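These figures come from a predicted structure and were not determined experimentally. We count ligands from 1, going down the list as the structure has it; atoms in each ligand are counted the same way.
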Amino acid sequence: MPTSLSGRDFLKLLDFTTDEIKYLLRLSKQFKALKLAGTPHRYLEGKNIVLLFQKTSTRTRCSFEVGAMDLGMGVTYLDPGSSQMGKKESIADTARVLERFYDGIEFRGFAQKDVQDLADNASVPVWNGLTTEWHPTQMLADILTMQEEFGDDLRGRKLVFMGDAKNNVARSLMVVCAKLGINFAACGPKDCMPADDVVEATAPIFAENGATCTLTSDVAEGVKDADAVYTDVWVSMGEPDEVWAPRIKELEPYRVTAEVMAQAKEGAIFLHCLPAFHDTNTTIGAQKAEQFGITEMEVTDEVFEGRQSRVFDEAENRMHTIKAVMYATLS
Ligand code: CP
Ligand code: NVA
């Protein structure tokens, strides 16, 4: 039977089969080709979507906006302060209002429960643009970037996530690797390892797809044979300021440096969901440099700017992949 995701929510990748994920990746590739050729693809003309952001964003917001406009749709953006949701109106009531106006709802916020509540109460597709637990749209861009480097079949390849491996991005990478048969390693201190829920949920999927999952605090073991070395910020949105000091102390050994890249496979690439602290050219980067005396955090500027880095292709791929998710669920 041909794959159809019509009417589905996109809340976390555990809800999707390997074939469905591969279908979204194929669709992403087609949309990228159309965009690069300048071929119009206003397939969803007349539809409208709303973007609800309780946290800041550059890539995710712009991907939904440009993606929707390319597909011919209207877009409303509601920032953290400008809707009634949560303050004067429950998520359930908000969902029941927005479904009367819009064909799809994107949500970026804190608890996964909130995006689930929206989906449970809205009859239109709801897309998770990041929660504390998951970042599913990011994964499609990451995998598309790996496919562009290594070919469509990524089975047997290895991705290592360095640093705060308990965060939304690392958890989601673990799921997508399991689903696609990619060997996964989480490399960081013991208390930054993925939580038991995701380890338990992915174990049978890794086994079924012939891939391994390694949790290690040893950098050489984590990076050995890696085709992709991935990292993310050491402190995620919504975490309190007090975690910076201990986090920096325990994650410094897991910074992605040229020496770390040299231990990966020949031809390995560097990935990062962005934004990245690779220099002091940001307010927070400069502030942390003054406070803690470090000018680079999760990745060195040398690696970020180096020949193995694919971070800007990865960022561009957010748009093509998010467009695919909207098209697949709304058509
Ligand atoms: N990678 C990512 O989600 O970026 P934004 O926070 O800018 O959306
Ligand atoms: N882990 C990061 C990802 C940002 C795209 C955060 O949640 O802030």
Exercise. How about His272 and Tyr230: are their ring centres within less than 6.0 Å of each other?
Worked result: no
Exercise. Looking at the rings of Phe277 and Phe304, which for Trp means the six-membered one, are their centres under 6.0 Å apart?
Worked result: no
Would you tabulate the polar-atom pairs, meaning N/O of ligand 2 against N/O of the protein, with distances under 3.5 Å, reported to 0.1 Å?
from     : atom 1 : to     : atom 2 : distance (Å)
ligand 2 : 1 (N)  : Asn168 : OD1    : 2.8
ligand 2 : 1 (N)  : Asp232 : OD2    : 2.7
ligand 2 : 1 (N)  : Ser236 : OG     : 2.7
ligand 2 : 7 (O)  : Asn168 : ND2    : 2.9
ligand 2 : 8 (O)  : Met237 : N      : 2.8

Seminar exercise, completed: Pocket residues around ligand 1 (non-hydrogen, under 4.0 Å) come out as Ser57, Thr58, Arg59, Thr60, Arg108, His135, Gln138, Cys273, Leu274, Arg318
For this session: Determine, using the 4.5 Å side-chain heavy-atom cutoff (strictly less than), whether Val50 and Leu330 are members of one ILVMFWY cluster.
Result: no
Exercise. To which residues is Leu130 joined in a hydrophobic cluster, defined by side-chain heavy-atom contacts under 4.5 Å among Ile, Leu, Val, Met, Phe, Trp and Tyr, whether direct or through other members?
Worked result: Met237
Exercise. Pick one: which of Phe10, Tyr102, Phe64 meets ring pair (Phe, Tyr, Trp, His ring centres under 6.0 Å) with Trp127?
Worked result: Phe64
For this session: Determine the interplanar angle of the Tyr327 and Phe31 rings, folded into 0 to 90°, and report it as parallel if under 30°, tilted if 30 to 60°, perpendicular if over 60°.
Result: perpendicular
Exercise. Under the side chain to side chain contact (heavy atoms under 4.5 Å, CB included) criterion, do Asp227 and Ile269 qualify, and how do the steps go?
Worked result: CA-CA 6 Å; Asp227 296 283; Ile269 58 171; over 6 Å; no
For this session: Could you tell me which residues satisfy side-chain contact (heavy atoms from CB on, under 4.5 Å) with Glu89, sequence neighbours excluded, listed by chain and number?
Result: Gln84, Asp93, Thr94, Val97
Problem set entry | Centroid-centroid distance, Tyr77 to Phe53, less than 6.0 Å | yes
